[in-house]
Each structure stands twice: as C-alpha cells, then as structure tokens.
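Computed from a predicted structure; not experimentally measured. The chains referred to below are lettered A, B, ... by the order of the sequence lines, with proteins before strands, and numbering in each begins at 1.
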Amino acid sequence: MGQTPQKWPGIELSNDDLLNKKVTQTRYHPRAKFSWSAGEAMSRFLNELKEGRLIGRECKHCNKILFPPRMFCEQCFKPTSKWVYIKDTGTIQTYSISYLDKDAKRITNPIYVGVVSIDGASEKMGIMHYFGEVTKDTIHIGMKVKAKWKPPLERTGSILDIEYFRPLKEGEQ
Amino acid sequence: MRKVAVIGAGMTLFRRRLMETPKELCFEATRMALDSAGIELKDVDAVISGSAPDGFDGVHMKGEYYSDGCGAYGKPYMRVFVGGGTGVFSAISGWYHIASGLADIALVVNEEKMSSCQPHPQSVFAHIWDPILDRPLKPNLIWIFAMEMNRYMTVHKIKKEDIALVAVKNKRNAVDHPCAQLADPNITVDDVLNSEVLAWPVQRLDISPPSDGAAALVMASEDAVKRLHVETPVWMKGVGWCIDSTMWTDRDLYFPEYVARAAKMAYKMAKIDNPRKQIDFAEPYDPFDYKELHHMEGLLLAKKGEAPIMTREGVTQRDGDLPTCPSGGLLGVGNPIAATMGVKIGELYWQLSGQAGKRQIPHEIKTGVTNAWGDLMQYGAVAVMGV
Ligand SMILES: [Zn+2]
C-alpha cells in the first residue's frame, strides 16, 4: 500500500556557494556561432528594408495581406500569391517600458518596446519594435506611429534599419 | 480508450539553487512517487520525462543525460518538450501511453535545473526568439509577458491592484506548501505595487522565480488500479492541447485562443459542458499573476475580463466557490518550468485524493482542471482530473 509523502528532498545552495566555489563544482563556457540564410520570404523583406520599404505577401485564398511576409499561408496552407508594398505607418497594439536588458541587468534609461500593426497589412498584423520620441505619459495603445529609418548608407538589411517607430505627426502620411 | 488514473506523486523542494544534480533530483522525486503508489520500478512499463530547453543545464540530450534518475533504465522511454506547456503535457503523454493499451503503469518525471546557467537563465531564454525578426532587438523574455499583460489590462480596463491580488493569494497559499520557495504570509497588494518595475507593467512581485526542482507521477490503467487495490485513484477525465501561430505579432494577445481550444478538447472528453458549474477547483498556470486570470478565461472558468472581478470577490480563495491555485502556484511555490507539474497535475492529485494536508480545500471537490502554457505565448496543454 502506498502512503502520502512526508519528507521533501532537496539541499538549498546560496549564490555565494556557487559563485565563490564553496561547493564542489565544474564550469564550462560554450562558444557557439551561427549564420542563418534568411530564406525566400525574409531575404526579400530584409532587402526591402534596406530601401526603406515594408513589404507583405498576399494570400488570395484568405484575401489577406500577410505581414511579416511568408511564402505559405499557415491557415489555408497554400502558397502565398504575390508581393505587396505596405506603408511604414501603423498602430501600437501593445507596449512595455523595460528597465531590463536581455541578460536581466538593470538599466536606467528604459527601452520602449512593443507590437506595431502596419497600415496596409491585414488587421493586427505587425512586428515587434522599439518606440522613440515618446515618454511614459504619452505612449499608449492605439497611438499612430511611423517608422524612423536609418540614413540609407547606414542600412544593412536588418530589422534595425528602422531605428524605432515615432508618433505620427498631424497631416503626415 | 482505456481509463487512466494518477496513483502516486512526488516532488522535491523548489529552490533558486539546489545542490543535487538533475538525475539526483529526478531520483528523489521518482522514488517518492513510487513509494506513494506503493509499487517498485519493476512494476513500471514505460517512462516519460519532461524538461525545458537544454540550454539551462548546458547539456543537449538532457532527457538521456538524467534518464537513469527517472527509472528509465531498460524500459521504453521518451522525453517531451513543449516549452512551458511541458508541465502538463508530459502527463498527457503518460496518459496516452496507458490509454492506448501500450502500458499498464507509467512513470512521468519532470526536471528543471535553472541555476546552472550563469549569470541568469534569462541569457538562455534569449535564444527562443526569431533570429531575423526579434533577436536583433535584444529582447528580454519578460517583454512578451509585459506586452501581453498590457494588452489584456487595456482591452478590459483592468487595474494593476486587481492583478496584484493574485500574487498575494498565491504567495499566501504557498505558506502551506512544504516545497515552497517564495511563500509569504504577510504580503499585501501594496508590496506588489511598490516592488521594482522590471518591464512595465510587470513588477518584481508579479513574477514567479526561476527554480530548481523535480516532480514525478505514477499513472495506471483501470486494470492496474484494481490489481493494486488503489484506494484513492484520481482519474484523468479529459486532456487537450493546442498550438497557436508562431507569428505572435499577428495575434491579439488579450485572449489565449489556443488555451480555449485545448480546454474545449479536454472538456469534451470529460463530458463537461458548463465548466464554471462542473469544475470545483483549478490550477491554472501562473508564472505571472495576470496569467492566472488570463488562463481562467482561456479555460472558460470566467468570461473575458471577468477573472479579476471573481478574484476581487474572493471566489478564487481556497475556501471560495472556485478555489484557484490552492497549491500556491508558480508564484508562491516556484517555477522550475517542467517540474511545475508538481503544483499543477500533482496538486490536483493530492487535493482530489484528500492528501493535500494544510492546503486541503475545506469543502467537497470532485473535479479539477489545470493547464500549462509556453513557447512564444502560443502553447496550451489542459488536463481535467476527477474522482
Ligand atoms: Zn491563406
């Protein structure tokens, strides 16, 4: 016959135990490098970024402009049909104001980051990117924004060819 | 499909750092589960394990690396990994090993050791992002939660105070859990609201901690339950799982549609058509306080935007009408990703078999639901269990 557990195993260590080698341990530092071929859809997307343009793919079966672009539609599972230029303006769907960098280190100048849906793509289709020329009091969900592009000679065919999205000015397209 | 029951469970302490190796942690949890079921390893037909990214341990093939600690030696064995969904999905895998007739008794063992990764497991989480679209922006994993939380709060006009109530409830519930890492009997909403802002709207006390730990289950067919004269089997009544689009910036993050699909699959199998009435308690996945609310809605236990109201009204307290995370959850007990099976499937087992001790829900319970969630906010695994 079985029984309800009464003892709960585990021996706790402190950060000091590990960091200052107070417990028996081994260490290892991997050095791995990768290069990714960007593939069919993303190669065109990245090359268009270099020209200061955003591009999507049309799925004629679903009657949608897919963005970011892809060569097949995951919903109808057919090949997408053609390239379509879309605008470099959009709407903030959500955002965060981050006081953490990628390694969870604290930073004092926060990063404004979020999802922007792009005008000309199907509803709510967008990308993650930074926001600039905003404060924690002005940024809001629903805010209209426009890409701030790097100067042409500084672009490398990367999502970072857009520095950030900034508030759309009145009368601006 | 054959009926399948959980007949034993075990788990280690959850702590930020544990001395034991992955396989030593697995052994401890597995030995407890076997003892609690009153069986030996020779009685086990198959072994299933779950663990999250290999990068935490720094050992690829970690499922093989620690397999002897799971009791896998010389037996059919596999590791499953569906991100944070693993904590419930590995039990679903155990379920289909037995429901299919392939095994009569199966062990399910989940392990996570996040402390090996220096200086912080966040450095490994950075590698889950799309290398072309996301990674050049140097994202921190907390960003996706912050973005989802903000969208959820904004769409439903939810106040941070109401979300903080979840952290308070779970960290207080965890006081009664013998394995808890972050239990706090005195925590208040103000403590949560005044804690360090990490990535607005996420603050430090909105988050569960990284942890080391292991958890294990013994699952058995109806025949084995009879043969072993198990007095308190807890049956797997329904299971479901679903993945959403990998294009996460194309989805509205305010509602987890994939969780709802997984829940509907599980409820259909469990013959549940009105979850709010037929489910007595829940262990939704709560790595962040808003996720408990988000998942209650995804599990169809609350209408969209209503989970915070139920929480404010006390419905989700341990003695409420729908006790939610009576274990203390990930927020209070800890978040060793796959090993959170111990506070999800494990808690349903201990509660429904009347073995939850000080955590025992004070009124009669017959049916519970749990879920786990992961990948890029897109994976849902749901299990309904009952007596
Ligand atoms: Zn389509």
Side-chain angles (χ1 to χ4, degrees), chain A residues 1-5 7-15 17-19 23 27-28 30 34 36 38-39 42 45-46 66-68 70 74-75 93-106 110-111 113-117 122 124-130 136 140-142 158-160, chain B residues 7-13 15-20 25 28-29 32 35-39 58 115 119-120 122-123 126 131-134 136-140 142-143 146-148 150-151 154 178-179 196-202 212-213 229-231 245 247 249-253 350 355 357:
Chain A
M1 235 2 262
Q3 55 193 331
T4 306
K7 283 201 298 199
W8 309 86
I11 299 165
E12 187 170 10
L13 298 179
S14 69
N15 193 30
D17 291 335
L18 274 181
L19 206 65
V23 289
R27 292 185 176 196
Y28 176 65
F34 299 87
W36 289 283
M42 280 296 110
F45 170 75
L46 294 174
L66 306 175
F67 181 80
R70 60 211 80 165
E74 65 188 357
Q75 298 205 357
Q93 292 295 326
T94 188
Y95 68 91
S96 171
I97 306 172
S98 179
Y99 296 86
L100 291 178
D101 75 2
K102 68 171 176 26
D103 296 318
K105 285 204 203 77
R106 270 52 172 180
I111 301 164
V113 64
V115 176
V116 53
S117 61
S122 287
K124 290 188 178 155
M125 290 202 150
I127 48 172
M128 176 168 71
H129 219 295
Y130 302 129
K136 63 181 169 48
H140 58 273
I141 288 176
S158 155
I159 194 78
L160 298 176
Chain B
I7 63 167
M11 67 187 279
T12 66
L13 300 181
R15 291 291 183 271
R16 178 68 181 85
R17 295 165 200 85
L18 287 172
M19 186 270 281
E20 292 87 343
L25 290 173
E28 294 288 356
M32 283 173 82
D35 290 342
S36 96
I39 63 167
S115 66
H120 194 282
Q122 276 296 338
S123 329
I132 295 170
L133 289 166
D134 300 333
L137 297 164
K138 297 188 167 56
N140 181 295
I142 291 177
W143 288 5
M147 290 186 263
E148 187 177 70
N150 193 0
R151 182 81 194 159
T154 304
C179 301
E196 184 189 7
V197 177
L198 300 177
W200 175 262
V202 172
D212 291 354
H229 305 290
V230 179
E231 283 173 15
S245 171
M247 294 288 194
T249 56
D250 289 351
R251 293 190 263 125
D252 195 326
L253 302 175
W350 281 311
Q355 300 182 82

Roughly how far, to the nearest 0.5 Å, is [atom2] of [Y] from [atom1] of [X]?
X	Y	atom1	atom2	value
B/Ser245	A/Met125	OG	CE	7.5 Å
A/Gln3	B/Asp35	CD	CG	6.5 Å
A/Phe67	B/Met247	CZ	CE	10.0 Å
B/Met32	A/Thr4	CE	OG1	10.0 Å
A/Glu12	B/Leu18	CD	CG	7.0 Å
B/Asp252	A/Thr94	CG	OG1	9.0 Å

Heavy-atom pairs under 4.5 Å with chain B, option from [options] with the top count:
options	answer
A/Ser14, A/Gly142, A/Pro110	A/Ser14
A/Arg70, A/Glu74, A/Arg27	A/Arg70
A/Val23, A/Leu18, A/Asp17, A/Leu66	A/Leu18

Measure distances from [X] to the heavy atoms of chain A and classify the residue's part below 4.5 Å as side chain, backbone, both or neither.
X	answer
B/Arg15	side chain
B/Ile142	side chain
B/Leu198	both
B/Met147	both

(Q) I need the residue from B/Cys179, B/Pro131, B/Pro201, B/Ala146 with the largest number of non-hydrogen atom pairs under 4.5 Å to chain A. (A)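 Sorted descending by pairs with chain A, the first entry is B/Pro131.
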Q) So which of B/Val202, B/Leu137, B/Ile39, B/Leu253 has the biggest tally of heavy-atom pairs under 4.5 Å with chain A? A)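 Of the candidates given, the most pairs with chain A belong to B/Leu137.
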Within-4.5 Å side-chain heavy-atom neighbours: [X] and [Y]:
X	Y	value
A/Asn15	B/Arg16	no
A/Pro68	B/Asp250	yes
B/Thr249	A/Val116	no

Q. Under 3.5 Å, is there a donor-acceptor pair between the side chain of B/Asn150 and the main chain of A/Tyr95?
A.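 Side chain of B/Asn150 to backbone of A/Tyr95, a donor-acceptor pair under 3.5 Å: yes, one is there.
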Q) What residue among A/Leu100, A/Val113, A/Ile111 forms side chain to side chain contact (heavy atoms under 4.5 Å, CB included) with B/Asn140? A)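 By the side chain to side chain contact (heavy atoms under 4.5 Å, CB included) criterion, B/Asn140 pairs with just one of A/Leu100, A/Val113, A/Ile111: A/Leu100.
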